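Worth saying up front: this structure is predicted, and the values here are computed from it rather than measured. Hydrogens, waters and symmetry mates are skipped; everything else that's a heavy atom, side chains included, is used.
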Amino acid sequence: MSGKPRLTYLNGRGRMEPVRWLLAAAGVEFEEVYLETKEQYDKLIKDGFLLFQQVPLVEIDGMKMVQTRAILSYIAGKYNLYGKDLKERALIDMYVEGISDLMQMILMFPFSPPDAKEKNLDSIKERATNRYFPVFEKVLKQHGQDFLVGNKFSWADVQLMEAILAVEEKVPAVLSGFPQLQVFKTKMSNVPTIKKFLQPGSPRKPPPDDHYVETVLKVFKK
C-alpha cells in the first residue's frame, strides 16, 4: 500500500465529498476504492473494516477510520487546518456543524420522492438564505478578514466553500444578497489547492444523478 490515504465509498459525493475537499485543500493526493455492489459492502463489514457497519472508510496513517466527523477532524488537525488553540477550534467546530446541517439537506435531496422535490428545494433555499449564509456573511463583515477563523485558512473555510457551490447548483442566485460571501467565494476559488480541485479531471464528484441514487440504494439495501 502506498503512503496515500485510501478512501472507500461510492463513486459520488455523499458523505465522502467533504473528505475529498479537505484532503485536496491540504494538497494531499489520495486513492479511491468505489463500492458498486452490496457484496463489496458486506465483505467490508465481515472483514471488520467498518466499526459501525458504515462508510465512509478512510485508511490513513495505519488507521481504518470511519465516521465522517472523526475523519474530517483528524485530517484538519494533521494538516494544520484546525485553528491555533482551543477557542479557534471551538469556533471552527461550530461553523462546521452548522454547515453540515445545511449539507445534510442537500445530501438527502436526490433521494426525495418526485412529488417532494420542489418542497425540499424550497427548504434548502430558505435555510441557506435565512439561517446559514447570514451567519457567515456577518462573521466576515465584522472581522473584515479573508478567512472565517483567526485570519487563517481552515477546515471551516473549506466546508463553507463546498456548501456555497452545492447550494448554487440548485439555486444559482443564492449569493445575490451576500456580498461578503461573493468575495469569499472568489478568494477561495483562487487558493491554489482549491483552484486545482475545481478543475475538470480532479477527484471532485459531479452532482448526484439517477445512476448514483440507484447504486446507493443497491449497495445499502437491507
* Is it true that Ile75 and Val28 fall in one hydrophobic cluster, defined by side-chain heavy atoms closer than 4.5 Å? -> yes

* To do: Tell me, with the steps shown, if Ile60 and Phe30 meet side chain to side chain contact (heavy atoms under 4.5 Å, CB included).
  => CA-CA 10 Å; Ile60 184 171; Phe30 51 87; over 6 Å; no

* Do Met63 and Ile71 sit in the same hydrophobic cluster, where Ile, Leu, Val, Met, Phe, Trp and Tyr count as joined when their side-chain heavy atoms come under 4.5 Å apart? -> yes

* To do: Determine, step by step, whether Lys205 and Glu32 satisfy the salt bridge (charged side-chain N to carboxylate O under 4.0 Å, His left out) criterion, reporting the C-alpha distance in whole Å, the side-chain angles of both residues, the deciding distance to 0.1 Å, and the verdict.
  => CA-CA 12 Å; Lys205 304 302 178 210; Glu32 297 204 62; 3.2 Å; yes

* Asked: Which heavy-atom pair separates Ile92 from Tyr82 by the least distance, and what is that distance?
  -> CD1-C, 3.5 Å

* Does atom CG of Asp61 have more than 12 heavy-atom neighbours, drawn from other residues, nucleotides or ligands, at distances under 6.0 Å? -> yes

* To do: Decide, yes or no, whether a salt bridge links Glu36 with Lys218 under the criterion of side-chain N to carboxylate O below 4.0 Å.
  => no

* Do Leu148 and Gln159 have side chains that get closer than 4.5 Å, going by heavy atoms? -> no

* To do: Flag yes if more than 12 heavy atoms outside Glu29 fall under 6.0 Å of its CD atom; otherwise flag no.
  => no

* Give the minimum heavy-atom separation between Ser202 and Phe197, together with the two atoms involved. => OG-O, 2.5 Å

* **Spacing of Phe220 atom CZ and Asp42 atom CG [to the nearest 0.5 Å]** => 10.5 Å

* To do: Quick one: do Glu59 and Thr8 satisfy side chain to side chain contact (heavy atoms under 4.5 Å, CB included)? Show the steps, please.
  => CA-CA 8 Å; Glu59 296 170 75; Thr8 301; 4.2 Å; yes

* Minimum heavy-atom distance Ile194-Ala25, with the two atoms named -> CD1-CB, 3.9 Å

* Asked: Quick check: does any side chain N or O of Asp47 sit under 3.5 Å from a backbone N or O of Phe49, one acting as donor and the other as acceptor?
  -> no

* To do: Determine, for Glu31 against Lys4, whether the closest basic-nitrogen to carboxylate-oxygen distance falls under 4.0 angstrom.
  => no

* Asked: Is it true that Val183 and Val174 fall in one hydrophobic cluster, defined by side-chain heavy atoms closer than 4.5 Å?
  -> no

* Asked: Would you say the side chains of Arg15 and Gln67 form a donor-acceptor pair under 3.5 Å?
  -> no

* Asked: Do we see a donor-acceptor contact under 3.5 Å between the side chains of Tyr212 and Asn11?
  -> no

* **Value rounded to 0.5 Å, distance of CZ in Arg13 from CE in Met103** => 7.5 Å

* Asked: side-chain contact (heavy atoms from CB on, under 4.5 Å) with Leu7: which of Leu57, Val55, Val58?
  -> Val58

* **Cluster check Ile164, Leu107: I/L/V/M/F/W/Y, side chain < 4.5 angstrom** => no

* To do: Report, as yes or no, whether the 6.0 Å neighbourhood of atom CD on Gln199 holds more than 12 heavy atoms from other residues, nucleotides or ligands.
  => yes

* Give, for atom OG of Ser100 and atom CG of Leu72, the distance between the pair rounded to the nearest 0.5 Å. => 7.5 Å

* **Min side-chain heavy-atom separation Arg20-Glu17 under 4.5 Å** => yes

* **For Ala76 against Leu22, the heavy-atom pair lying closest together** => N-CD2, 3.9 Å

* CD (Gln40) with more than 12 external heavy atoms under 6.0 Å -> yes

* Structure fact -> CZ of Phe133 to CG of Leu160, rounded to nearest 0.5 Å, is 6.5 Å

* Close side-chain approach of Val213 to Phe111, heavy-atom, < 4.5 Å -> yes

* **For Asp146 against Asn151, the heavy-atom pair lying closest together** => N-OD1, 3.5 Å

* Salt-bridged, Glu88 to Lys152, with N to O below 4.0 Å? -> no

* Evaluate the side-chain proximity of Trp21 to Leu165: yes if any heavy-atom separation is below 4.5 Å, no if none is. => yes

* In a check of ring pair (Phe, Tyr, Trp, His ring centres under 6.0 Å) between Tyr95 and each of Trp155, Phe136, Phe147, which one passes? -> Phe136

* **Arg69 vs Val96 side-chain heavy atoms within contact, under 4.5 Å** => yes

* Structure fact -> Shortest non-hydrogen pair, Lys38 vs Val219, comes out as CG-O, 3.5 Å

* **From CD (Glu162) to CD1 (Ile106), nearest 0.5 Å** => 8.5 Å

* Asked: Do other residues, nucleotides or ligands put more than 12 heavy atoms under 6.0 Å from Lys117 NZ?
  -> yes

* Asked: Do Asp101 and Arg131 pass the salt bridge (charged side-chain N to carboxylate O under 4.0 Å, His left out) test, and can you show the C-alpha distance, the side-chain angles, and the key distance before you say yes or no?
  -> CA-CA 11 Å; Asp101 290 344; Arg131 182 181 296 189; over 6 Å; no

I'd like a table of donor-acceptor pairs (distance under 3.5 Å, sequence neighbours excluded) in which one partner is a side-chain atom from residues 175-182, with atom names and distances.
residue, atom, partner, partner atom, Å
Ser176, OG, Ala173, O, 3.0
Gln182, NE2, Leu175, O, 2.7

* To do: State, yes or no, whether a side-chain contact exists between Met188 and Phe153 at a heavy-atom distance under 4.5 Å.
  => yes

* Asked: Hey, are the side chains of Leu198 and Met161 touching, using non-hydrogen atoms and a 4.5 Å cut-off?
  -> yes

* Asked: Do you reckon Ile124 sits in the same ILVMFWY cluster as Met108, going by side-chain contacts under 4.5 Å, direct or chained?
  -> no

* To do: Test side chain to side chain contact (heavy atoms under 4.5 Å, CB included) on Val139 and His143 and set out the steps.
  => CA-CA 6 Å; Val139 167; His143 65 35; 3.7 Å; yes

* Could you grab the distance from atom NZ of Lys170 to atom CG of Asn120, nearest 0.5 Å is fine? => 11.0 Å

